[in-house]
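Note sheet for the following structure.
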Amino acid sequence: MKKLHNDTLIRALMRQPVETTPIWIMRQAGRYLPEYRALREQAGSFMKLCQTPELACEVTLQPLARFPLDAAILFSDILTIPDAMGLGLHFIEGEGPVFDRPLRRAADVNALSIPDPEISLRYVLDAVRMIRKELAGKVPLIGFCGSPWTLATYMIEGKSNKAFPTIRAMLKEDPQLLHTLLDTLAQSVAAHLNAQIKAGVQAVMIFDTWGGILSTPDYQEFSLRYCKQIIANLVRENEGATVPVILFTKGGDKWLELMAESGADALGIDWMIDIGEARARVGDKVALQGNMDPQFLYKSPAEIKVEAARILKSYGPGSGHIFNLGHGILPDINPEHVAALIEAVHAGSKMYHE
């Protein structure tokens, strides 16, 4: 294995000693960067960016050229798996993802097969291999997938719909059909993440974006159960190194103790909970990733520095903290404010790692 020049993220995920708190930012490769917008216009569509390894590689590396981040995250989309299943994904400006063939009947669900990542998702793996080569060990590369529940919400609704009436109806009226779909998705996600690991990602993250809309019993049965299934089936070592797993359920602060038993090495948390409280609740079972409110990046660099210091102080001394936003960076954030945040975290965290 080529030794990482900066392995702070991996050590923090494993709760090993670090010199500074590592930082990366969800959606760090994306719309807030003028160089991304230029490449997106050149490509002609979001899907073209995702499905062209050279372009996905360039987008992944763009924020690393600007900022001293402690990780790169693969530029892709959580909906590549449903697209590989033949649901006909496309993106509409201002509306987001739309499926031509949403799942509405038992026959639709039963007809699904688990995609072979090296065939139908080869473009993702080719991008991983290309990014690893270009990174040359500078920082680790994070791979990711959506959780089965989150993927199912889009596949059943057919598009983004925060009320989720169709999947809620299926959950109540035909829970066994929903379980069939979620199991197929769990197998597909595990296969895709394992293929990403084999191709070279050095940590993986499961995005359970819509798990937080569920009741506690439904979260355990329809979301967390399948995240656990995925984690149990992941390859946890590659190139002689451990591959840590991050589980992020947006709105999941009420279930931290349950999530800490999932087998994940780290939990992503949003800004609805104080990180010090979260740490007290999970103890030394898992690392924590988070949790600045993305809206805070609209404030001045001086205010951003104060908020970063508050979060670092709340987490307190010792390893196991990966600084991040509580969700994805917003598209109209000033990149200079991102630079201020990264500098504040690196400089302000040293006192907690002496």
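In this text, all values refer to a predicted model and were calculated from it rather than measured experimentally.
- Ion pair Asp274/Arg281 not flagged as a salt bridge, since none of the NZ, NE, NH1 or NH2 atoms sits closer than 4.0 Å to an Asp/Glu carboxylate oxygen.
- Of the inter-residue distances, the one linking Thr153 atom OG1 with Lys162 atom NZ reads 11.5 Å to the nearest 0.5 angstrom.
- Judged by distance alone, with hydrogens and angles left aside, the side-chain atoms of Asn6 form no donor-acceptor pair with the main-chain N or O of Lys138 at under 3.5 Å.
- In this structure, Ala308 and Ala344 approach most closely via the heavy-atom pair CB-CB, 4.1 Å.
- Using a 4.0 Å cut-off between charged nitrogen and carboxylate oxygen, Arg132 and Glu239 count as a salt-bridge pair.
- Put simply, the side chain of Thr180 reaches to within 4.5 Å of the side chain of Gln176, judged on heavy atoms.
- More than 12 heavy atoms of other residues, nucleotides or ligands shown are found within 6.0 angstrom of CZ on Arg66.
- Counting heavy atoms from C-beta on, the side chains of Ile142 and Leu9 come closer than 4.5 Å.
- Within the 3.5 Å criterion, the main-chain N or O of Ile311 finds no donor-acceptor partner in the side chain of Ser314.
- Annotation: side chain of Arg101 is not in contact with side chain of Asp108 (no heavy-atom distance under 4.5 Å).
- For the residue pair Thr21 / Tyr315, no side-chain donor-acceptor distance below 3.5 Å is found, with atom types taken as modelled.
- Judged purely by distance below 3.5 Å, without hydrogens or angles, the side chains of Tyr154 and Trp210 pair a donor atom with an acceptor atom.
- With rounding to the nearest 0.5 angstrom, the OG atom of Ser188 is 6.0 Å from the CD1 atom of Ile81.
- By the 6.0 Å contact criterion, CD on Glu237 is enclosed, its count of non-hydrogen atoms from other residues, nucleotides or ligands being greater than 12.
- Side-chain atoms of Arg31 and Arg40, non-hydrogen and from C-beta on, never get closer than 4.5 Å to each other.
- The closest donor-acceptor contact from the side chain of Tyr352 to the backbone of Gly348 lies at 3.5 Å or more, if one exists at all.
- The cluster map of Ile, Leu, Val, Met, Phe, Trp and Tyr, joined by side-chain heavy atoms under 4.5 Å apart, puts Leu61 and Val201 in the same cluster.
- Taking 4.0 Å as the cut-off between side-chain N and carboxylate O, Lys172 and Asp218 count as a salt-bridged pair.
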Verdict with reasoning, Leu325 to Met292, per side-chain contact (heavy atoms from CB on, under 4.5 Å): CA-CA 4 Å; Leu325 303 180; Met292 182 185 274; 4.0 Å; yes
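- Shortest non-hydrogen contact noted between Thr209 and Lys250 is O-CB, 3.5 Å.
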Step-by-step side-chain hydrogen bond (donor to acceptor under 3.5 Å, both in side chains) determination, Thr166 to Glu157: CA-CA 6 Å; Thr166 319; Glu157 301 297 339; 2.9 Å; yes
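- The shortest heavy-atom contact between Asn194 and Leu234 is OD1-CA, 3.3 Å.
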Chi angles and distances behind the side-chain contact (heavy atoms from CB on, under 4.5 Å) call for Leu79, Phe99: CA-CA 10 Å; Leu79 298 180; Phe99 285 111; 4.2 Å; yes
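- Between Lys285 and Glu261 a salt bridge is recorded (basic side-chain N to carboxylate O distance below 4.0 Å).
- Between His321 and Ser349 there is no side-chain heavy-atom pair separated by less than 4.5 Å.
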Intermediate values then yes/no, side-chain contact (heavy atoms from CB on, under 4.5 Å), Phe296 and Val306: CA-CA 11 Å; Phe296 227 99; Val306 170; over 6 Å; no
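- No side-chain heavy atom of Thr242 sits less than 4.5 Å from a side-chain heavy atom of Leu13.
- Leu125 and Val204 fall into different hydrophobic clusters, where Ile, Leu, Val, Met, Phe, Trp and Tyr residues are linked whenever their side-chain heavy atoms come under 4.5 Å apart, directly or through other members.
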side-chain hydrogen bond (donor to acceptor under 3.5 Å, both in side chains) between Trp24 and Gln289, worked out: CA-CA 10 Å; Trp24 69 276; Gln289 178 176 280; 3.0 Å; yes
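- Checked against a 6.0 Å centroid threshold, the rings of Phe144 and Phe207 count as neighbours.
- For the atom pair Ser215 OG and Leu171 CG, the distance stands at 8.0 Å (nearest 0.5 Å).
- Counting all heavy atoms, side chain and backbone alike, His337 lies closest to Tyr298 at CE1-O, 3.9 Å.
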Audit row: Leu185, Leu112, side-chain contact (heavy atoms from CB on, under 4.5 Å) steps and yes/no: CA-CA 9 Å; Leu185 286 169; Leu112 295 175; 5.9 Å; no
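- Remark: the backbone N or O of Pro244 is not paired with any side-chain donor or acceptor of Arg236 at under 3.5 angstrom.
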Derivation of the side-chain hydrogen bond (donor to acceptor under 3.5 Å, both in side chains) call for Thr80 and Tyr123: CA-CA 10 Å; Thr80 53; Tyr123 61 90; 4.7 Å; no
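- Atom CD of Glu343 sits about 13.0 Å away from atom CZ of Phe67, to the nearest 0.5 Å.
- Nearest heavy-atom pair across Gly211 and Tyr219 is O-CD1, 3.8 Å.
- Heavy-atom contacts from other residues, nucleotides or ligands closer than 6.0 Å to NZ of Lys254 number more than 12.
- Side-chain atoms of Glu277 and Asp253, non-hydrogen and from C-beta on, never get closer than 4.5 Å to each other.
- The distance from atom CG of Asn324 to atom CD1 of Ile246, rounded to the nearest 0.5 Å, is 8.5 Å.
- In this structure, Asn291 and Ile269 approach most closely via the heavy-atom pair CB-O, 3.4 Å.
- Hydrophobic clustering, with ILVMFWY side chains joined whenever heavy atoms are under 4.5 angstrom apart, groups Ile273 together with Leu214.
- Side-chain contact check for Leu193 versus Ile206: some heavy-atom pair is nearer than 4.5 Å.
- Gln229 and Asp183 share a donor-acceptor pair across their side chains, judged by distance under 3.5 Å alone.
- For Glu307 and Lys299, the salt-bridge test fails: no basic side-chain N is under 4.0 Å from an acidic carboxylate O.
- Residue Met272 is not grouped with residue Leu267 when hydrophobic side chains (ILVMFWY) are merged at heavy-atom distances under 4.5 angstrom, including chains of intermediate members.
- The main-chain N or O of Leu33 is never found under 3.5 Å from a side-chain atom of Gln62 such that the two would form a donor-acceptor pair.
- Distance OG/Ser319 to CG/Asp284: 12.0 Å, rounded to 0.5 Å.
- Listed by first and then second residue, the salt bridge (charged side-chain N to carboxylate O under 4.0 Å, His left out) pairs involving residues 67-87 amount to none (not counting sequence neighbours).
- With ring centers used as reference points, Phe46 lies 6.0 Å or more from His90.
- Two different hydrophobic clusters hold Leu182 and Ile114 under the rule that ILVMFWY side chains link at heavy-atom gaps under 4.5 Å.
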